[in-house]
Amino acid sequence: MWNSPSPPAIKSEPEEDNGLWEEERSTDGSKWKFLEHKGPVLAPPYEPLPGHVRFFYDGKLLRLSAPAEEVATFFAKMLDHEYTTKEMFRKNFYKDWRKEMTSEEKSKITDINKCNFTEMSEYFKAQSEARKQMSKDEKLKIKEENERILQEYGFCVMDNHKERIGNFRIEPPGLFRGRGDHPKMGMLKRRIRPEDIIINCSKDSKHPKPPQGTRWKEVRHDNKVTWLVSWTENIQGSIKYIMLNPSSRIKGEKDWQKYETARRLKKCVERLRAQYREDWKSKEMRVRQRAVALYFIDKLALRAGNEKEEGETADTVGCCSLRVEHIKLYSKMDDQEYVVEFDFLGKDSIRYYNKMPVEKRVFKNLQLFLENKQPEDDLFDRLNTSILNKHLQELMDGLTAKVFRTYNASITLQQQLKELTSPDESIPAKILSYNRANRAVAILCNHQRAAPKTFEKSMQNLQTKIDEKQKQLSATRKQLKGAKTEHKASHDDRSKKKAVQRIEEQLMKLQMQATDREENKQIALGTSKLNYLDPRISVAWVKKWDVPMEKIYNKTQREKFAWAIDMAEEDYEF
DNA sequence: AGCGAGACTTGGAAGTATTTGT
DNA sequence: ACAAATACTTCCAAGTCTCGCT
């Protein structure tokens, strides 16, 4: 439930609101006054393998020390995964594994290819199988224990409200699996101890206790930030946090603010577009580059594209970091003129491939930017995200590159819903329309997924069901006809008619489902729904067409978007 | 301006729980 | 009642953007 002071139910910007919230928090940048929590749940300590599970090196049995064994089990657990066949993964793992070995182990184990982890791997497979086969009682016990931990560690108190914490467990040790071609894949992600952990809470709260015999790295009282716990991770050296659940007041308000910023962009986007079109003609190269980049961000919903440290991460790019090799220009392609072909790896190494006809002026500018450059050179050599965002900030308060993604995603949903929803169609048909509108956004944002492993089979199953339903329908229809000619009792006739109608409906629903699933094969809807689409658009749509809210948002989503469900009426306009 | 640290949002896959069909 | 299918949740990596420092 939305049990904290909700954002006011008005359609104004947060900063225009002069209610309690503004008075209490906004001016000095503090995020809370009181914060109390129980600290994190640490990863369970390592449990050595039972004696019968053996490790072999070069065909010979080798008993490993506990630290070496633990790291070996990380590898063994992943043995079935493609990862463990990759040279980089194996090399990085082996290097880090050696650091955990005794000097004796180090001298014996000299080649990862002679290591045999299969018994360990089999053991873990058997374990997980056994877990599945547990009795109801045992499963219930585990569930209850998890619930107890959730109740104890899963909540905190922030300013008089009990709030759900997002991730209250410290990440367990294991092998780092980067995405795409990551130079650090396979490295050991080390165990986080209390001594690595910084606690953030208010001075006057009951501080979380470290486990017996240990201490926290630090306990601080910083109310300018929202996190409860942090630690530094050893792969990239970056900081990880424990923060509140999306259902919390602090996240909800931030989310709301994000969409209000996007709505302010809506009001001035035409002005900005006119501006960057003008800038395509600028005398200054940096201005032209900025303007073309902004055009891409606006039109294609590209990400900003910060610079990345070479060799630290997979080689991926966004708009500002595009390189010459990522685009191709075609002054003519089929029946179109001035086509730009994009082909690059974006966030999470997901491929972005697109061909877009652009205006002549953009095309000419791109040709200019490409002059005398090598494939690995930056396309926009006079531009980076900091320059771009500084410019955007001058055009509109709070404007950054990512606001365009939010704006274009939300406006697309709204417009698609308008276009696709027909007033007299059934609820399942309306839901198909909704999903299609959602899909249009996911495609715009390039949210792709690997087709589910069971996709083909699940399509087949659905088709079988459809065929059966079809047969059932024609059979029932025949019966109805027969009944008519035989002048059967009229009430029997009526109920047959109803039966036909019901079966028709069921058939339609199945067909709808099949279409939806097919179209969704390689599209991931989750991210746009959760992060880009102003929930008030969906809430308004649901109210307008009397579609049950649960068909669009599940429980978690309804909790996250409680503010919007509260706020939006059917006439809401993004 | 350029940087690195820090804080916070966004991302798909994997794992788990629930529902469905038999 | 069971297993298969589907829906939901967790996991944790990888982005964006701000800020303080030089």
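Nothing here was measured: the structure is a model prediction, and the numbers come from that model. In what follows, chains carry the letters A, B, and so on, assigned in the order in which the sequence lines appear, proteins first and then strands, with residues in each chain numbered from 1.
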What integer distance in Å separates [X]:[atom1] from [N]:[atom2]?
{"X": "A/K31", "N": "B/dC8", "atom1": "NZ", "atom2": "C1'", "value": "9 Å"}
{"X": "A/Q133", "N": "C/dC2", "atom1": "CD", "atom2": "C1'", "value": "11 Å"}
{"X": "A/R131", "N": "B/dA17", "atom1": "CZ", "atom2": "C1'", "value": "15 Å"}
{"X": "A/N461", "N": "C/dA3", "atom1": "CG", "atom2": "C1'", "value": "13 Å"}
{"X": "A/R558", "N": "C/dA7", "atom1": "CZ", "atom2": "P", "value": "15 Å"}
{"X": "A/I250", "N": "B/dA7", "atom1": "CD1", "atom2": "C1'", "value": "12 Å"}
{"X": "A/Y83", "N": "B/dA14", "atom1": "OH", "atom2": "C1'", "value": "11 Å"}

Among B/dA14, C/dT9, B/dT10, the nucleotide that comes nearest once only the side chain of A/T556 is considered = C/dT9

task = Measure from the side-chain heavy atoms of A/R517 and tell me the nearest of B/dG12, C/dT6, B/dA7.
result = C/dT6

Under a 4.5 Å cut-off applied to non-hydrogen side-chain atoms, are [X] and [Y] in contact?
{"X": "A/I170", "Y": "A/R191", "answer": "no"}
{"X": "A/T261", "Y": "A/M396", "answer": "yes"}
{"X": "A/E171", "Y": "A/E233", "answer": "no"}

message = Looking at A/K139, I'd like to know if its NZ atom is crowded, meaning that more than 12 non-hydrogen atoms belonging to other residues, nucleotides or ligands lie closer than 6.0 Å.
response = yes

Side-chain (A/K560) to main-chain (A/L530) donor-acceptor, under 3.5 angstrom = yes

request  = Classify the side-chain pair A/D196/A/T232 by whether it contains a donor and acceptor separated by less than 3.5 Å.
outcome  = no

Looking at [X] and [Y], does any basic side-chain N land under 4.0 Å from a carboxylate oxygen?
{"X": "A/E152", "Y": "A/R148", "answer": "yes"}
{"X": "A/E36", "Y": "A/K162", "answer": "no"}
{"X": "A/K555", "Y": "A/E559", "answer": "yes"}
{"X": "A/E138", "Y": "A/R131", "answer": "no"}
{"X": "A/D96", "Y": "A/R190", "answer": "no"}

remark   = Given Watson-Crick and G-U pairs under 3.5 Å, DNA chain B in dot-bracket ([ ] crossing, | other strand) is ||||||||||||||||||||||

Just call it for [X]: base, sugar-phosphate, or nothing, with non-hydrogen atoms closer than 4.0 Å on any strand.
{"X": "A/K529", "value": "nothing"}
{"X": "A/L530", "value": "nothing"}
{"X": "A/K251", "value": "sugar-phosphate"}
{"X": "A/K184", "value": "nothing"}

query = In residues 430-459 of chain A, which ones come under 4.0 Å of DNA chain C, going by heavy atoms?
reply = A/K457, A/S458

Do the side-chain N or O atoms of [X] get closer than 4.0 angstrom to the phosphate oxygens (OP1, OP2) of [N]?
{"X": "A/H81", "N": "B/dA14", "value": "yes"}
{"X": "A/Y532", "N": "B/dT9", "value": "no"}
{"X": "A/R405", "N": "B/dG11", "value": "yes"}
{"X": "A/K258", "N": "B/dT10", "value": "yes"}

Contact letters for nucleotides 12-22 of chain C, in which S counts primed atoms plus P, OP1 and OP2 and B counts the base, heavy atoms under 4.0 Å = BBBSBBS----

request  = Evaluate the criterion side chain to side chain contact (heavy atoms under 4.5 Å, CB included) for residue pair A/D181 and A/S349; output intermediate values, then yes/no.
outcome  = CA-CA 8 Å; A/D181 204 356; A/S349 293; over 6 Å; no

